[in-house]
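All remarks here apply to the structure that follows.
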Amino acid sequence: METVDYTNQLHMGRKIERIRRLRGMTQTELGTALGITKQAVSKMEQTEKIEDGKLKTVADALGVTEEGLKSFNEENVLYNTYNFYENSGVNAASIGAHNIETLNNFPIEKTIELFEKLLEKERLKYEKVKGAKK
């Protein structure tokens, strides 16, 4: 009888499903990457234990490491996501008014000139529509 190695823990099918969804993949897309049907992916996602050889193939198709797939849990994803954004230095103050000059290098005179031209075009359109109604 053939021996199958299962070093993965918990419900691997659910982990595969969660990672697939987080990666924005459908069952059909994952199935195509694995060379199996959508129905086979659905069945795999309902399977508690998956042999290590197949797990490596699935991890590659999902774009994650085999170890990352085995140790995946949503709490770590949420924790890492929160801490990444919390500690990234990106916040409202860092893109606030004191940095506006780095975002707009267009001279104010040119801006006013452009605005006045656009305003004149709108006035002409308005007069044309107003004249057409008489």
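Separating the CE atom in Met44 from the CD atom in Gln27 is a distance of 8.5 Å, to the nearest 0.5 Å. We find the NZ-CG distance between Lys15 and Leu62 to be 13.0 Å, quoted to the nearest 0.5 Å. Here the CD1-CD1 distance, from Ile16 to Ile50, works out to 3.5 Å after rounding to the nearest 0.5 Å.
Residues meeting the salt bridge (charged side-chain N to carboxylate O under 4.0 Å, His left out) test with Glu127, sequence neighbours left out: none. Not counting sequence neighbours, Arg23 has no partner by the salt bridge (charged side-chain N to carboxylate O under 4.0 Å, His left out) test. With sequence neighbours excluded, the residues satisfying side-chain contact (heavy atoms from CB on, under 4.5 Å) with Leu124 are Glu120. Residues that satisfy the salt bridge (charged side-chain N to carboxylate O under 4.0 Å, His left out) test with Arg21, not counting sequence neighbours, are Glu17. In this structure Leu118 satisfies the side-chain contact (heavy atoms from CB on, under 4.5 Å) test together with Leu114, sequence neighbours excluded. Take Thr37 and apply the side-chain contact (heavy atoms from CB on, under 4.5 Å) test, not counting sequence neighbours, and it matches Gln39, Ala40. Every side-chain hydrogen bond (donor to acceptor under 3.5 Å, both in side chains) that Arg18 has, sequence neighbours left out, goes to Glu74. The side-chain contact (heavy atoms from CB on, under 4.5 Å) search around Gln46 returns Ser42, not counting sequence neighbours.
Here the closest non-hydrogen pair linking Leu34 and Ala61 is CD2-CB, 3.6 Å. Closest approach of Thr47 to His11, counting heavy atoms only: O-CE1, 3.3 Å.
Within the 4.5 Å cutoff, the side chain of Met12 has heavy atoms near those of the Leu69 side chain.
Other members of the cluster containing Tyr126 do not exist, because no ILVMFWY side chain is joined to it at under 4.5 Å. Cluster partners of Leu119, by chain and number: Phe115. The rule joins Ile, Leu, Val, Met, Phe, Trp and Tyr whenever side-chain heavy atoms lie under 4.5 Å apart.
Applying the salt bridge (charged side-chain N to carboxylate O under 4.0 Å, His left out) test to every pair with at least one member in residues 27-45, sequence neighbours left out, gives these pairs: Arg20-Glu45. Screening residues 54-64 for side-chain hydrogen bond (donor to acceptor under 3.5 Å, both in side chains), with sequence neighbours left out, gives Lys56-Asp60.
Ion pairing between a basic and an acidic side chain is recognised when a charged N comes within 4.0 Å of a carboxylate O; Glu67 and Lys70 show no such pairing.
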- [ ] Given side-chain contact (heavy atoms from CB on, under 4.5 Å), test Phe72 with Leu22 step by step and report yes or no.
- [x] CA-CA 12 Å; Phe72 172 81; Leu22 286 169; 3.8 Å; yes
